[in-house]
Each structure stands twice: as structure tokens, then as C-alpha cells.
Participant: 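Below is the structure I would like to discuss, written out as C-alpha cells.
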Amino acid sequence: MSAAIRLALVFVLVAATTHAGTAVTREGKIKRGDFVVSGKKVLNGDREVDLSEYCLIEKDNGTLLFAPDRAWRIRAYALLARHARLKALPRLAAAAFKTHDAPLTQRIFNQAQEDGWISAQSLTFQRKLLKLVSKWPNGLLKVDAARGVAKKFDAVMNTYADILVARAGTAKLADALYILRVALQSKPKHKGALDAVTKLAPKKFALGGPLQWLDFHLDVESRGAKLATNRHEVKRARALWRKDVYAVQSGPMLLVTPLRHTRPVGRCLDYGRVVCKALSDLFPVTRQRRSGVLQIMLFENKEEYVTTSGTERPVSPGLEVSAGYYTPFEGLTRLFWHDNRDAERRVVSTFVHELTHHWTDRVCPRFTDKERVSNPLMPGYWIVEGFAVFMQEAHYDVERQTYNLTAKHVSSMDVVVSSPKKVPWSELFEGVTNANVRQLGTDPSFKFVRRWAIGARPQSMMRMFYDQSGATCHYLYRNGFKKQLIDYMVHYQTGKIQEMSIQRAFGMSPETLGKRVEEFCKAQN
């Protein structure tokens, strides 16, 4: 049974009941007739038709008889409305040509071609026409005629928008929003469409206008997210941060922000989704699932990020040189998304790193909140930062929502190969804790030239600890120790110190593991 037929069962009516109505085929053809939808069959008069031929069938009163899915349903509504322009646009295009008004002619022909009323066979004619239009002198412009054609064209577009607004009034809310956007894309100032959107938009969520809210809402929804303006986290942020913040929920992520721009919010959601997906695949559920929320505070700009905590807590020091950070005692990730696309890579890298910490603390299904142990003096801290570096150096395709954890030219492995100084491996694995990691030294104390980068890089020993730990995770993941790597992370989070011996966990001494990591990095580079 095809997917279209299975979905059609939702719309099954009483067998053998005939309905006068309209149908839209997948090729975009409009059909009028008497239709019967019963089980797997569609009858158009005496002819039985496969449901897969249609993207929508509805009665004259607007009641839906059949639609295979939401995307086809919305497309069909637009096609039905465009049917009103079937005869008008070619006539108007010919009239516009006679006025010698090049922009008007171009506009009408573009619209006619978009709607499919200009066939592929006429494209040669259109190219010749546009070539002639480019040579028309302005003095030949028939102003009155051009105004008349433009007025008729606006009337056609208004009629189209009128039909869509009427359909939106009988559709479900989710469909209505998409239909209204189609109307406003063709006629941005259509009063009926603007009024309809204004009624649907929440008063507390003003974005500068109905169309801006509509675009924002649909963009968020297309990412599998939803607006969550009534959560207690939002009320708290409004009281302690800004009155205009809102929240977007996507899986375990709760993004709290005052931003009204689609791109930074969308990019944050896109990367967050694929990183959470990668982490869930690495830590499959073995018993009960934790239902933690990953609250992310996305600030409007760097100045606000540096000066505002958004909670009762004081602002953390040293934020001028960071793009984001996670605080375990609050269970919050804070960041800002850089407007400069060239600088976005650094923001993405930081976000993935901090989200990995956040997800492991609050969502990881391999242990419960009661089992989790927070002890800054516990050895094995390399796994916490190393695993976050490992995740941030993966390749993420946000469009396809896929990831690759074994990308080439990994930065941490390049550093291990190139740097003349390293944290002794035995100290890194067994001596460094969360409490003393900064004692390694945070100021750049030496420089070195990397193999896959231009210029000398300043490096601190604390940064070296991060790179060596990340390279270790890459080595273990790619060389048959994936399960042991994941188990080691769980052992650290649950305080099982006896299980965190390098010898016991990986069957080799710390020095041997470090030597193998260095040899692996050299081979890869």
C-alpha cells in the first residue's frame, strides 16, 4: 500500500457518497466533477482513479475529502487560487508588450512563467521579446495604457490573494499560516491577509509587523521547533533579563532569547538538533530516559552577553574573549551568535563544545540525576574536555541533519603532531582535575607552526591539555575503543573512580596510550 493511500484513510467518508467538488492533480491540473472517496478508491464520475494521482480533493463548501500530506495540501490550495490567473496573465502580458513598458512586461511575464501558464515552447519567444524590450526607447512608452495594464494586473493579484485568504479562513491553523504567507508573497500589502495574520499573532510577540511574525513563526516551525512563550523559564527571564524575551522548544533544547532575526535563531536550532542527534546515537538508551531541559540563553549581541547574566548570578569574568559558556550549577548555556558569517565558525565550535557539556550533564540517558556525581577533585577530567573537543571537531551538515565524527585534518590532532611541548601523558590522564586544570597555565607561553594552518600559533599549557585530550578521544573512537570511550565518560559522570584507571579502561598504561595517540596523529596528518 502506498504512503498516499495509507494517509488517505484519515479522510475516509461514508462509502458511495457523491460530492461535487474540485480536485488538483500532482501535475497541477484543476478538475471539477462529482467525486467519491471510499477506502483506497477515488471515483470521478464513472472512472476509478488511483489516489496517488491527486494532491487534493475537496467539496465545494471547502470540506477536504483527500490530501496525502500537509505539503501537498498547501501546494494544492495555492494552485487552486492561481487558477484564477489562467486566462488573465497571458492577455495582460500581451497588452503590456504593446505599451513598451519594459519593467511591467518583465514583471507580468515572470509571474506567468512562475505559474506555468507560459509553456517551455514559448521560452524562445520570451527571450526574443525581452531582447526587443531592452531596445525600446523611453519615448515610446504609452503611459496611460501602461497604467491601465498595471491596474488590471494588481486586480488579478488581489483576486488571487482574496481566494487564498478565504481558504485560510476554513483551514487548520498550521495550514492557514502557510496559505497566508503565499498570499502575502504575491501581494505584500493585501489588507485581508495582513488582518488575518494580525488576528493569529500573539499580542505579546510583536516582530515589527504581521509578515515578519509569520515568516519567523513558519521558519521556526520548519525546523521542528515551536514557540513556548508561557514556560516558567520565560517568565523568569522576563523578570530578570528583558521583557521581550520568548522561548523556542526543539527536542530537549529550550532557546530563550530576545532576538527577532530568523537566521541566528535558526542556525542555533539547526546545530543544536544535529549535535543532540549525534550525542543520542553515541549514548543509546540502556534503561530509563532522562527528561532534562537544555536551557540556552541566546543574547542579542556581544555587549549584552558580556554584561548580562540573565539570572540572579553575577556575570562571569573574562567573557570578552569567549563566544559562549556552560555553567553546571545553573544548568544554563549562554552565547551570542556573531553577525559576521566568517566569524560564525568560532561561534559554532564554541556552541557545540558547551552544548556537549550541557547535554552530558542534563540529558545523557546512561545515568540518572541521582547517580550523577559532581566532584571537582576527581581525576579523569580529560574525558570531559576531550570529549567536548572531539564533538566540536566533527563535521555537521545542518541542511541534511547529518554528522561525521571522523573528519580529516582535525585541529587537535594537528596540534599534538606540531607542538614542541605537551602535558605529560600520565599527568594528563591521572593528575589533572577540574579544580587544578588552570594551574597548568592559561597564558600563551610558547608558539609553534601547525601543519594545516598558516602562521605561528600561540599556545598555553591549559589549551594543550584540551588538544591532547581531544586527540585521545579521536584515537580511541577510530581505533576500536568506542565502547570503552563512552563507558569512561559515564564512569566519570557517576564517580566510579576505580573504573577510571587507564590500564583497566583501555588495557594499556597512560604512557602507552599517549604514545599511541601521538603515532596515530602523525599517521593521520
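In this text, all values refer to a predicted model and were calculated from it rather than measured experimentally. Keep in mind that the numbers below use all heavy atoms, side chains included, and drop hydrogens, waters and symmetry copies.
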Participant: Would you say the side chain of Arg26 lies within less than 4.5 Å of the side chain of Pro68, judging by non-hydrogen atoms?
Facilitator: yes

Participant: Evaluate the side-chain proximity of Thr494 to Arg372: yes if any heavy-atom separation is below 4.5 Å, no if none is.
Facilitator: no

Participant: To the nearest 0.5 Å, what is the distance between CZ (Phe336) and CD (Glu300)?
Facilitator: 12.5 Å

Participant: Under the criterion salt bridge (charged side-chain N to carboxylate O under 4.0 Å, His left out), I'd like the reasoning laid out for Asp487 against Lys483: C-alpha separation, chi angles, the key distance, then a yes or no.
Facilitator: CA-CA 6 Å; Asp487 287 344; Lys483 181 181 182 302; 2.7 Å; yes

Participant: Give a yes or no answer on whether the side chain of Asn479 reaches the backbone of Leu476 with a donor-acceptor pair at less than 3.5 Å.
Facilitator: no

Participant: For Phe387 and His357: C-alpha separation, side-chain torsions, deciding distance, then whether side chain to side chain contact (heavy atoms under 4.5 Å, CB included) applies.
Facilitator: CA-CA 9 Å; Phe387 192 77; His357 289 322; over 6 Å; no

Participant: Enter the distance from Glu304:CD to Phe299:CZ here, rounded to the nearest 0.5 Å.
Facilitator: 6.0 Å

Participant: Can you tell me how far apart OH (Tyr466) and OG (Ser460) are? Round to the nearest 0.5 Å.
Facilitator: 9.5 Å

Participant: Could you check whether Arg267 makes a cation-pi contact with Trp337, meaning its NZ or CZ is under 6.0 Å from the centre of the six-membered ring and within 45° of the ring axis?
Facilitator: no

Participant: Please indicate whether Lys496 has more than 12 foreign heavy atoms, meaning atoms of other residues, nucleotides or ligands, lying under 6.0 Å from its NZ.
Facilitator: no

Participant: Show your working on side chain to side chain contact (heavy atoms under 4.5 Å, CB included) between Phe429 and Leu513 and close with a plain yes or no.
Facilitator: CA-CA 10 Å; Phe429 291 132; Leu513 176 56; 3.6 Å; yes

Participant: Looking at Arg334 and Ser309, would you say the former's side chain and the latter's main chain have a donor-acceptor pair under 3.5 Å?
Facilitator: yes

Participant: Considering non-hydrogen atoms only, spot the tightest contact between Cys55 and Thr25 and give its length.
Facilitator: SG-O, 3.6 Å

Participant: Please check this pair: side chain of Thr356 against backbone of Ala388, looking for a donor-acceptor N/O pair closer than 3.5 Å.
Facilitator: no

Participant: Would you name the heavy atoms of Val274 and Thr402 that are closest together and state the gap between them?
Facilitator: CG2-O, 3.5 Å

Participant: Can you check whether Phe506 and Tyr488 have ring centres sitting under 6.0 Å from each other?
Facilitator: yes

Participant: Leu282 and Tyr477: which non-hydrogen atoms are nearest, and at how many Å?
Facilitator: CD2-CE1, 3.7 Å

Participant: Relative to the ring of Tyr381, is the ring of Tyr492 parallel (under 30°), tilted (30 to 60°) or perpendicular (over 60°)?
Facilitator: tilted

Participant: Which of these passes side chain to side chain donor-acceptor pair (under 3.5 Å) with Tyr326: Thr350, Thr360, Thr333, Asp361?
Facilitator: Asp361

Participant: Would you confirm whether His353, through its side chain, and Met391, through its main-chain N or O, come within 3.5 Å as a donor-acceptor pair?
Facilitator: no

Participant: Between Phe66 and Tyr54, does the ring centroid distance fall short of 6.0 Å?
Facilitator: no

Participant: Assess the residue pair Phe465 and Val437 against the criterion (side chain to side chain contact (heavy atoms under 4.5 Å, CB included)); give the C-alpha distance rounded to whole Å, side-chain angles, the decisive distance to 0.1 Å, and a yes or no.
Facilitator: CA-CA 8 Å; Phe465 166 81; Val437 65; 3.8 Å; yes

Participant: Output yes when a side-chain donor or acceptor of Thr512 lies under 3.5 Å from a complementary backbone atom of Met508, and no otherwise.
Facilitator: no

Participant: Output the distance between atom CD (Glu427) and atom CG (Asn436), rounded to the nearest 0.5 Å.
Facilitator: 8.0 Å

Participant: If you count every heavy atom of other residues, nucleotides or ligands that lies below 6.0 Å from Arg478 atom CZ, does the total exceed 12?
Facilitator: yes

Participant: For the side chain of Gln401 and the backbone of Asp270, is there at least one donor-acceptor N/O pair under 3.5 Å apart?
Facilitator: yes

Participant: Could you give me the CA-CA distance, side-chain angles and deciding distance for Tyr246 and Val265, then say whether side chain to side chain contact (heavy atoms under 4.5 Å, CB included) is met?
Facilitator: CA-CA 12 Å; Tyr246 62 95; Val265 174; 3.7 Å; yes

